[in-house]
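Every heavy atom of this structure was used, including side-chain atoms; hydrogens, water molecules and symmetry mates were not. None of the values given here were measured: they were computed from a predicted structure.
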Amino acid sequence: MTVAVVQFGGSNCDRDTVQALESLGIDAELVWHADGLPEETDGVVVPGGFSYGDYLRAGAMAARSPVMAEVRAAAEAGTPVLGICNGAQIGCEAALTPGAFTTNASARFQCEHVHLRVENADTPWTSRYEAGEVVEFPVAHGEGRFEIGDEELATLEADDRILFRYCDADGEVAPAANPNGSKHNVAAVTGDEDHVAVMMPHPERVSLADIGPTDGQGVLRAFD
Amino acid sequence: MTAYTATVEVRLKSGVLDPEAETTARALERLGFELEDLRSADLFELDVDAESADAARERATEMAERLLANPTIHDYEVGVAEREP
């Protein structure tokens with residue numbers, strides 16, 4: 001398994017993601033977007049950052065770059081694809097996943113640790129957790145509020161496509177535990193198929209045992 | 001070919017929270033202004049040469065669909081006017 005971590009101008013979690021994956025024994029390499037995906041790509045991460053300076057809308061420019069057509073083709077062929085933070089914004093802008101991530105309800109950049117409740121433990125991204133388990137991940141974003149039409153959200157929920165919701169330390173999905181005003185506290189969602197997912201919280205920042213907790217390893221082990 | 005300026009006005013769909021507009025409204029209130037509500041929108045002016053106003057409108061609409069607006073959260077309106085080349 002070689003995971004391509006796609007670098008755009010303005011990506012800034014790309015190296016962290018490679019390091020976190022490699023610490024788990026998963027081969028990963030940085031791939032500059034203009035070089036395209038390597039032939040032997042077995043997984044893709046679109047990492048966090050501020051691609052194209054968040055011009056127009058966060059993720060709007062990168063979502064329409066040629067490499068994302070390759071990422072879409074890889075996803076359609078069954079390759080696991082994960083968008084983290086700016087990568088999540090790019091994934092929604094590219095319509096790999098539903099909805100949109102837009103300006104936080106606070107209108108502020110939120111940089112903090114949050115609790116997440118595992119909603120569906122039957123996906124590649126969550127199978128290392130228990131349903132209902134509470135984990136702690138960092139978030140760092142100004143545009144992380146998950147927006148989607150009510151009917152579409154109801155369909156996503158009925159189809160069990162919500163991976164994580166923001167919750168309090170006891171696992172209660174409450175408005176006060178919602179760092180950005182996301183509808184129904186949604187923090188992570190899958191595409192039409194569950195090998196494609198996006199999330200605003202950063203699993204790669206809670207994966208190295210040397211520097212702290214390792215709650216995020218379970219997500220990255222989807223590439224194992 | 002005729003020279004046109006097409007405008008694409010992109011605004012949040014009704015009911016979608018707009019924290020920046022709320023912040024701006026509060027700032028105006030702090031300056032002593034009274035207002036009931038505030039909505040903001042992005043306006044793109046696109047100078048294009050086209051065979052007709054309809055053709056210019058069609059091109060601007062496609063630009064809105066493919067990049068300028070995000071259909072999940074935005075509505076948009078397209079306008080076309082001739083311009084001095």
Let me see the donor-acceptor pairs closer than 3.5 Å between chain B and chain A, or none if nothing turns up.
unit_1   : atom_1 : unit_2    : atom_2 : d
Leu17(B) : O      : Arg145(A) : NH2    : 2.9
Arg66(B) : O      : Arg64(A)  : NE     : 2.5
Arg66(B) : O      : Arg64(A)  : NH2    : 3.4
Leu67(B) : O      : Arg57(A)  : NH1    : 3.2
Leu67(B) : O      : Arg57(A)  : NH2    : 2.8
Leu68(B) : O      : Arg57(A)  : NH1    : 2.9
Asn70(B) : ND2    : Glu93(A)  : OE2    : 3.2

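Between chain B and the options Gly149(A), Ala107(A), Cys92(A), the largest number of non-hydrogen pairs under 4.5 Å is found for Ala107(A).
For the side chain to side chain donor-acceptor pair (under 3.5 Å) condition, no pair includes a residue of residues 52-61 of chain B, sequence neighbours left out.
In this structure, the portion of Ile73(B) lying under 4.5 Å from any heavy atom of chain A is its side chain and not its backbone. Only the backbone of Ala69(B) comes within less than 4.5 Å of a heavy atom in chain A; its side chain stays farther off.
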